[in-house]
Protein chains: 2
Amino acid sequence: MDAKAIKKSLESGGLRCTPQRYAVMAFLMEHDIHPTAAEIFEAVNRADPRCSRATAYNNLRDLVQAGLVREVAVEGRAARFDAKVMRHHHFVCDICGRVEDMDWYDVPHPSAESLGKRILRQSELIFRGLCAKCAQWYASRSAS
Amino acid sequence: MDAKAIKKSLESGGLRCTPQRYAVMAFLMEHDIHPTAAEIFEAVNRADPRCSRATAYNNLRDLVQAGLVREVAVEGRAARFDAKVMRHHHFVCDICGRVEDMDWYDVPHPSAESLGKRILRQSELIFRGLCAKCAQWYASRSAS
DNA sequence: TGGAAGTTTTAGATTAAATCTAATCTGACA
DNA sequence: TGTCAGATTAGATTTAATCTAAAACTTCCA
């Protein structure tokens, strides 16, 4: 991954490029596995033990606020994160909680005014079901 | 609220109608405020202190599993719940976390097969922005 | 009616996720 | 070099939710 690109993207969000912040952003850009905050902290801390838990969480919060990283809340599980490279929808597996990317397409939505609300962002979709792996496991399980 | 209707709806989900379970379901059907689990427990426990925290949470879980209650995960906040009377979308306020109902409409989505996934449910939408109250507060704040 | 088997509930302990605290460090720039 | 806002830290704390093991109910059949 291009270090300059990461630095630039941090600065475009008004964030200074510190080693810890860089590590969090780089991890997210290099892995499209939608890790939880705990997984990000563990990976970053393993690579460089100077990064503490609070710092990993603080930086994650800052990156989300700056719009560089997207947070996906999943019912009954820890939140998951991904670098917001291109706009896309998500798929969440009911069994293993795995989050996968899905292609972006526009969804029609009511206008803000008609609802009495001031700001209204296009919602990203979260589809739900069983991922290929869990669907297979589930099928073999029901068969026996 | 019709007690018989609540009892029937519990039984339609394969759940026995115990006083505690009834209280949780009744609270959700009588209040469309999308309470958190903690708020539900407090309300139910206040009305009848025989219902413990674990019971409120257990029953909530059972109701969600039975498809009678919907859980809405919100980033950085406790999950919220509502009785699944009619299908609808949701709006979440970025500032106060308030959840509001929005009318249902179909959203086009890719078919399961094209994605290699076995089961794929229609996603309910979550719109995000500022609710009327917070939008007003925010505007008056920026003005000063 | 008795009582075995299953279900539900309970108080309190525990876990998990994330944030807070207050002290310390860093580095840009005067 | 000195200053100071911003960043980081370890560890404590908070919050949300679940677990545990015992007790209390229901059901239902003899």
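Values below: all heavy atoms of this structure, side chains included; hydrogens, waters and symmetry mates excluded. Since this is a predicted model, take the numbers as computed values, not measurements. In what follows, chains carry the letters A, B, and so on, assigned in the order in which the sequence lines appear, proteins first and then strands, with residues in each chain numbered from 1.
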Next item on the list: Determine the interplanar angle of the B:Phe127 and B:Tyr105 rings, folded into 0 to 90°, and report it as parallel if under 30°, tilted if 30 to 60°, perpendicular if over 60°.
Entry: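 Rings of B:Phe127 and B:Tyr105: tilted, as their planes differ by 30° to 60°.
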
Margin query: Using a 4.0 Å cut-off on heavy atoms, which residues in residues 69-80 of chain A reach DNA chain C? List them by number, or say none.
Written below: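 Only A:Ala79 qualify.
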
Check: Can you tell me how far CD1 of B:Ile126 sits from CD of B:Glu75, rounded to the nearest 0.5 angstrom?
Finding: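 Reported value, rounded in 0.5 Å steps: 7.5 Å.
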
What's the [atom1]-[atom2] distance between [X] and [N], to the nearest Å?
X: A:Tyr22; N: D:dA7; atom1: OH; atom2: P; answer: 18 Å
X: A:Leu10; N: D:dG6; atom1: CG; atom2: P; answer: 17 Å
X: A:Asp62; N: C:dT19; atom1: CG; atom2: C1'; answer: 13 Å
X: B:Tyr57; N: C:dT14; atom1: OH; atom2: C1'; answer: 15 Å
X: A:Phe41; N: D:dG11; atom1: CZ; atom2: P; answer: 12 Å
X: B:Leu60; N: D:dA16; atom1: CG; atom2: P; answer: 14 Å
X: A:Leu63; N: D:dA7; atom1: CG; atom2: P; answer: 11 Å
X: B:Asn45; N: C:dG12; atom1: CG; atom2: P; answer: 12 Å

Margin query: Does A:Arg61 have more than 12 heavy atoms from other residues, nucleotides or ligands lying within 6.0 Å of its CZ?
Written below: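 Above 12, so yes.
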
Item checked: Atom CG of A:Asp48 with >12 non-hydrogen neighbours under 6.0 angstrom -> yes

Note to self: On DNA chain D, does the nearest nucleotide to B:Arg61 precede the nearest nucleotide to A:Pro49 from the 5' side, or the other way round? Give the residue.
What the structure shows: A:Pro49

Next item on the list: Grab the two heavy atoms, one from B:Met25 and one from B:Ser9, that are nearest each other, plus how far apart they are.
Entry: CE-OG, 3.7 Å

Checklist line | Non-hydrogen atoms of B:Tyr22 and B:Cys17 that approach each other most closely | finding: CD1-SG, 3.8 Å

Notebook entry, point to check: Okay, side chain of B:Arg80, backbone of B:Val74: is any donor-acceptor separation there less than 3.5 Å?
Noted result: no

Item checked: Under 3.5 Å donor-acceptor, B:Asn58 side chain and B:Ala54 backbone -> yes

Notebook entry, point to check: Which residues in residues 13-21 of chain A have at least one heavy atom lying under 4.0 Å from any atom of DNA chain D?
Noted result: A:Arg16, A:Thr18, A:Gln20, A:Arg21

Next item on the list: Ignoring hydrogens and angles, state whether a donor on the side chain of A:Arg70 or A:His90 is under 3.5 Å from an acceptor on the partner side chain.
Entry: yes

Notebook entry, point to check: Quick one: is B:Asn58 getting a side-chain N or O under 4.0 Å of the D:dA17 phosphate, OP1 or OP2?
Noted result: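 So the side-chain polar atoms of B:Asn58 never come under 4.0 Å of the phosphate oxygens OP1 or OP2 of D:dA17.
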
